[in-house]
Amino acid sequence: MKVAEVIVDVPTLQTNTPYSYLLPADLCDHAAPGMRVVVPFGKGDRLVEGFIIKVEVTSTAQPALKMVSGYLDEEPVLTPELLKLANWMAKTTFSFQISCLLTMLPNVMKAKYQTIATANQVLTDEKLRSKLPLQVPVELTKVDFSPAERRKIQKLRQQGALTIKYHVHNQARAKLITVLENQITDFTTVASQLRANATEQQKLLAYLKQHQQTRFVQQNLVQTAGLSRSAVQSFVKRGWLKKMMVEQRRAPELQQYVRDAAKKLTSDQQRAVTAIQAAITAEVSRPFLLEGVTGSGKTEVYLQTIQRALELGKQALMLVPEIALTPQMVRRVKQRFGTQVAIIHSGLANGEKYDEWRRIRNGAAQVVVGARSAVFAPLQRLGIIILDEEHDASYKQEDNPRYQTRSVAFWRARYHHCPVVLGSATPSLESRARAEKGRYQLLRLPTRINQQKLPQTQVVDMTKQAAAPTELFSEPLLTAIKEKLASHEQIVLLLNRRGFSSFMLCRDCGYVLQCPNCDISLTMHLDTKTMKCHYCGYETQIPKTCPNCHSHQIRYFGTGTEKAVQQLATLVPQARIARMDVDTTKKKGSLAEILRKFGQQQTDILLGTQMIAKGLDFPNVTLVGVLNADTGLELPDFRASERTFELLTQVAGRAGRAEKPGQVIIQTYNPDHYAIRYAQQHDYESFFRHEMRLRHLSGYPPYYFTVKLTVNAPQAREAAQLAFQLQEELQAQLAKTTILLGPTPRPIARINKRYYYQLIIKYKQDPKLHASLEHIQQHAQQISRTGVQIAIDPDPISFM
DNA sequence: AGCACGCCGACT
DNA sequence: GTCGGCGTGCTC
């Protein structure tokens, strides 16, 4: 007798444990850990998706176990490694095992559920009868039922008046196309067997004879070549064509990539490549920190180390922030490694993602490039893991399971005995500090390739541009823009705020239009002609009069990308300007289109939010302007300076990447701020020292580890009460050296009609912390029915 | 999550 | 009596 241990798709703490199921005799040999199954669960034996994590043979008669009702996969979708990883992740991120297992797979592999009720007899209750007519299957989730009605339905089910059927749908399907294989060897014999009036069949035969290949896609024959479907059918019937279903990739390689050989390395690059290659060969899980200024050729280092892994028959995983996954980046990798590359990014449709994933799973892809979730790519012979832009905030998942990609990468590297390379021009303080301590091996690329200098950077003090404080473009910046336009060079402008105006103010009564669901002002968007909330998505008409006092004296303040583009267009009417932000790149393919036009110099100026700071590599860009360097500095977060320094350095790096020298102009109201000063001087090292001193003084990471606890509830008082209660409990349990901050309301205290309070735990070492947090997790489960939620976020990316 | 059970006040 | 609301407990 074989028994499977199954983790079921019921995300609660009580069910966060394996359940045992009997395996049906006919499918016994088939079952293996990592396969998805359908199992009956709970009182009504409703069907849920589950993952087999173990298969055991037992001779002893088990207490009445239920039976696995079906398989969703032919082969295991998760490897033993990933099953283990899920377990570790669940523990360290305080999330459910099932959530971890499901995040490792493409979205389509989460099953869809359906509950269908059919009335077996005419129901007596009038209302219920209209909703559930006799013998008509009704999907219960699609119809509104009151709690009382739901209860009645259950009762009727027990009485047999009504049948309930559960369905689990596997959405993951390979796309199949019909392919016809030519079986004809002797065309003349076949021709003789065709009747003279079978013109369509004769056409088909002629076509087959004319085309040398043996396999034809049916759709091509019928639609492109204009042959008749019935003629094809007759051929299949007579055995001249063999029909078969073939899996097809949904995002086929449309572009042919010209293979590109390894480039010659600088001595610094060579040193880095040698060190990393040695670790790959020696199969040691050593972490490297590759600190290289923008344009120093980190990518070439990645490519050549990947090359070594491939030569040794191993595989490579390269992670990049989503916004750095530009067509340019993809091209470079594909030019080097061709069709053995799989790319996973958010631009792919679900089906396309699934196909890419399967290419990895079945071993067709040896190199995987992708954003955060690609860290779970089912590669089985990892030789190297690369995290480009390792400091990037998007590596931390912001909802459950709140994993840090970097930590997952290290876990996998230990499992595979392979090195991890963290690359950045501005490493996170955590990583840089570890390199200092010797826990990571530091590799430096201090100069740009081709001896190109880092761009000249000028800081413009906006407080001294007093003429009109609302003016967005200072004199020096405007002059530089005009110069570059005149010499047909391109410009990148950063304004880290989208929309047209960031708030509406009534000058008569002082009213500011706010989101009804959140404690934040609404942003005006001119392209949609609405006021939008950037937190919950609420939208409303732009008011013509003050909603409070009906005065006409309403004004809009704060400048976003939309307004900046408009102003710029009047200042330099000859320029062709493109805006790049969330609003203009939401549509599939629109980002690629904006970049393509800019690359072909059909636009002169690219103005956008922080998404323009990463990965763009256009040789003709010689000027980068930062319209307002202060937006990030104002945030109440301990990482505000680090984020600002990063952003300025990254965006400055877009200028002067080829022969022409670059120029950077930073406009700010805080010209003496150290983050801005050091960014101006391209001095990461000094910034690092300065910021480390501050972190040391105030006790923040990397000197302390942190956990963020967030409580939210529909009522502010409930949230506050619980937050204070948690604070007291933790105070009593935790070590004396552990510091608790708060509880405080979140900087934006209300989002989507819920109030948020948070509590920060700072610790160096606290053996009791994990148990305390597990206890809080249990408590959270118990109170979840009352609508109060607790989120535990280990190593939060921000305190906001 | 979803289902059942038990307890309790309210109502034809 | 029993209907409907609500809190609690269990799911191989």
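Chain letters run A, B, ... following the sequence lines, proteins first and then strands; every chain starts at 1. Bear in mind that the values here come from a model prediction, so they are computed numbers and not experimental data.
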Trainee: Roughly, in whole Å, what's the span from CD in Gln114(A) to P in dG2(B)?
Mentor: 14 Å
Trainee: Can you check the Leu156(A) CG to dA4(B) P distance for me, whole Å?
Mentor: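 Result: 12 Å.
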Trainee: Should the pair Arg406(A)-Glu390(A) be classified as a salt bridge under the 4.0 Å nitrogen-to-oxygen rule?
Mentor: yes
Trainee: Ignoring the backbone of Val10(A), work out which of dT8(C), dG6(B), dA1(B) is nearest its side chain.
Mentor: dA1(B)
Trainee: Could you check how far NZ of Lys155(A) sits from P of dC3(B), rounded to whole Å?
Mentor: 16 Å
Trainee: Calculate the interatomic distance between Phe41(A) atom CZ and dC12(C) atom P; express it in whole Å.
Mentor: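 Nearest whole value for this atom pair: 5 Å.
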Trainee: Could you work out which one of dG5(C), dT11(C), dG2(B) sits closest to the side chain of Ala148(A)?
Mentor: dG5(C)
Trainee: Roughly, in whole Å, what's the span from CG in Leu128(A) to P in dC3(C)?
Mentor: 14 Å
Trainee: Which nucleotide, dC12(C), dT11(C), dG4(C), lies nearest any side-chain atom of Gln14(A)?
Mentor: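 Ranking dC12(C), dT11(C), dG4(C) by closest atom to the Gln14(A) side chain puts dT11(C) first.
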Trainee: Got a salt bridge between Asp9(A) and Lys110(A), using NZ or NE/NH1/NH2 to carboxylate O under 4.0 Å?
Mentor: yes
Trainee: Over all strands shown, is Glu5(A) touching base, sugar-phosphate only, or nothing at heavy-atom distances under 4.0 angstrom?
Mentor: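 Glu5(A): no heavy atom of the nucleic acid under 4.0 Å.
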Trainee: Asp9(A) has an atom CG; how far is it from atom P of dG2(B), in whole Å?
Mentor: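 Atom CG in Asp9(A) sits about 10 Å away from atom P in dG2(B).
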Trainee: Look at the side chain of Arg150(A) and the base of dG5(C), then say whether one donor and one acceptor between them are separated by less than 3.5 Å.
Mentor: no
Trainee: Whole angstroms only, please: what is the CG-P distance between Leu140(A) and dA1(B)?
Mentor: 18 Å
Trainee: Can Glu49(A) and Arg36(A) be counted as an ion pair, charged N to O under 4.0 angstrom?
Mentor: yes
Trainee: In whole angstroms, how far is the P atom of dC10(C) from the CD atom of Gln782(A)?
Mentor: 12 Å
Trainee: Do any side-chain nitrogens or oxygens of Tyr166(A) fall under 4.0 Å of OP1 or OP2 in dC3(B)?
Mentor: yes
Trainee: Using a cut-off of less than 4.0 Å, is there contact between a side-chain N or O of Gln154(A) and OP1 or OP2 of dC3(B)?
Mentor: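 Yes, within the criterion.
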Trainee: Closer than 4.0 angstrom, basic N to acidic O: yes or no for Arg151(A) and Glu149(A)?
Mentor: no
Trainee: Charged N to carboxylate O under 4.0 angstrom, Arg173(A) versus Asp355(A)?
Mentor: no
Trainee: Nearest nucleotide by nearest heavy atom, which residue falls closer to the 5' end of DNA chain B, Thr12(A) or Gln158(A)?
Mentor: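 So the residue in question is Thr12(A).
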Trainee: Scan Tyr21(A) against the nucleic acid and name what it touches under 4.0 Å (heavy atoms): base, sugar-phosphate only, or nothing.
Mentor: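 Sugar-phosphate, no base atom in range.
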Trainee: Under the 3.5 Å rule, do the base of dG2(B) and the side chain of Arg151(A) count as making a donor-acceptor pair?
Mentor: no
Trainee: Would you indicate which nucleotide in dC3(B), dC12(C), dA1(B) comes nearest to any side-chain atom of Ser20(A)?
Mentor: dC12(C)
